[in-house]
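What follows is a set of notes on a single structure, which appears directly below.
Fair warning: this is a prediction, and the values are worked out from it, not measured in the lab. Both ligands and their constituent atoms are indexed starting at 1 by order of listing. For this chain, numbers begin at 1 and follow the sequence in order.
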Amino acid sequence: MIGGYRIERKLSAGGFGVVYLAADSEGQQFAIKEYLPSSLASRAVGQLLPQVLPEKLSLYRLGLKSFFEEGRSLAQISHGSVVSVLNFFRENETVYMVMNYLEGGTLQDFIITARDLKKSKVFRESTIRSLFDEILRGLRIVHQHKMLHLDIKPANIFITDDNRAVMIDFGAAREVLSKEGNFIRPMYTPGFAAPEMYRRDSSMGPWTDIYAIGACIYACMQGYPPNDAPQRIEKDRLSLALSRLRGIYSDNLIEVILWCMALDPLARPQSVFALQKELSRESARSYTKLTVGERVRLQFDSVVSDNKKAARKTNIPETRIT
Ligand SMILES: Nc1ncnc2c1ncn2[C@@H]1O[C@H](COP(=O)(O)OP(=O)(O)O)[C@@H](O)[C@H]1O
Ligand SMILES: [Mg+2]
């Protein structure tokens, strides 16, 4: 029992904490996230209190405070596309965040399933547009509350069994942990993290989340993430990779990705609203007509790259660089 909730089972354990399925006294189910950063704290079998190394105590407390703040901010947001935080409390020298229990799977699971079917496209354009329209409505509210998500990626977008798209895993706690602690190296998901996240400078803003949205749309089309920002700064192959999708997806959608994923933060949509406006311009949808030769080459390229991918194994890199 924690805070009056009965823990049923562990749903997931990541670098920053554990997510449990729990139920209240009336049997209603919740997901409860516990702050337990594996680099700072551990818990022995049968113990409730985390053990924190003395030299890591101040950092542990800083992260704890920030996790608590994150819960407090999230609790003020009530939107169908943002996970609902219903309660948060301190116990066992750590913090617990009680959320609505979502049933379904992550967008990442859907991408892998769709990709493995090996069709010419992972998702239809109309599916992508309506999915991101929903996500952006939520993200706009988040930004209005002066929060950034900073880890938007398919694994942090949940698709519920009743067909809602919900953002989970808000990263304020991680942000503080990696900024203040020089022995905790920066954390970001390659492919989805904007270049300014690698620099950890003051140029982060709504456009930083917008870069990740562009990368998510890309992943929904290609089945795998784009090259990471440092690779792109070295040699940018994004346009080339996207040119292979012309004729399959509209020019407008491809341009939206290029706009969101501009390396220069100022060259991106500066607000979610600006992006929403562009994404809803259905009338602007036109397709580049491909010649027969181009189509054949496209088919050939995808066979070659499929073989290469098979050789490399087919996991989408999900690991954060830590
Ligand atoms: N509200 C929720 N309802 C159901 N499952 C959840 C919920 N929140 C998180 N999970 C599950 O736990 C996993 C990890 O949660 P997340 O918040 O992304 O933490 P992290 O990635 O930092 O470990 C998710 O991929 C999902 O499977
Ligand atoms: Mg996550």
Which atom name would you report as the N, O or S atom of Asp169 nearest the Mg ion (ligand 2)?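 Restricting Asp169 to its N, O and S atoms, the minimum distance to the Mg ion (ligand 2) goes to OD2.
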Give the atoms of ligand 1, by number and element, whose distance to some non-hydrogen atom of [X] is under 4.0 Å.
X      : answer
Asn156 : 18 (O)
Val83  : 1 (N)
Lys33  : 16 (P), 17 (O), 19 (O), 22 (O)
Gly14  : 23 (O)
Ser12  : 12 (O), 13 (C), 14 (C)

Inspect the contact between Lys33 and Asp169 and indicate whether a charged nitrogen and a carboxylate oxygen are less than 4.0 angstrom apart.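 Salt bridge between Asp169 and Lys33, a charged N being under 4.0 Å from a carboxylate O: yes.
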Ion pair check, Arg129 and Asp133, cut-off under 4.0 Å: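 No, no charged N to carboxylate O under 4.0 Å.
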Parallel, tilted or perpendicular: which fits the ring planes of His149 and Phe170, with parallel below 30° and perpendicular above 60°?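 His149 and Phe170: tilted rings.
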Over 60° means perpendicular and under 30° means parallel, so tell me whether Tyr35 and Phe67 are parallel, tilted or perpendicular.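 It falls in the tilted class, 30° to 60°.
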Report yes if [X] has an N/O atom closer than 3.5 Å to an N/O atom of ligand 1; otherwise report no.
X      : answer
Tyr101 : no
Thr106 : no
Leu11  : no

To the nearest 0.5 Å, tell me how far [X] [atom1] sits from [Y] [atom2].
X      : Y      : atom1 : atom2 : value
His143 : Leu136 : NE2   : CG    : 9.5 Å
Leu242 : Ile248 : CG    : CD1   : 11.5 Å
Ile152 : Leu107 : CD1   : CG    : 12.0 Å

If you measure from each non-hydrogen atom of Val19 to ligand 1, which part falls under 4.0 Å: side chain, backbone, both or neither?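 Just the side chain.
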Can you check which of Ile168, Asn100, Asp109 brings a heavy atom nearest to atom 1 (N) of ligand 1?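 Shortest heavy-atom distance from atom 1 (N) of ligand 1: Asn100.
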For atom 16 (P) of ligand 1, which candidate among Val98, Val166, Asp169 holds the nearest heavy atom?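 That would be Asp169.
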Can a side-chain donor-acceptor contact be found between Thr94 and Glu34 if the only test is distance below 3.5 angstrom?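 There is no such pair (donor and acceptor under 3.5 Å, judged by atom type) between the side chains of Glu34 and Thr94.
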Test side-chain contact (heavy atoms from CB on, under 4.5 Å) applied to Asp251 and Arg246, step by step: CA-CA 6 Å; Asp251 295 345; Arg246 289 201 192 269; 3.4 Å; yes
Is Ser12 close enough that one of its N/O/S atoms sits under 2.8 Å from the Mg ion (ligand 2)?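 So Ser12 does not count as coordinating the Mg ion (ligand 2).
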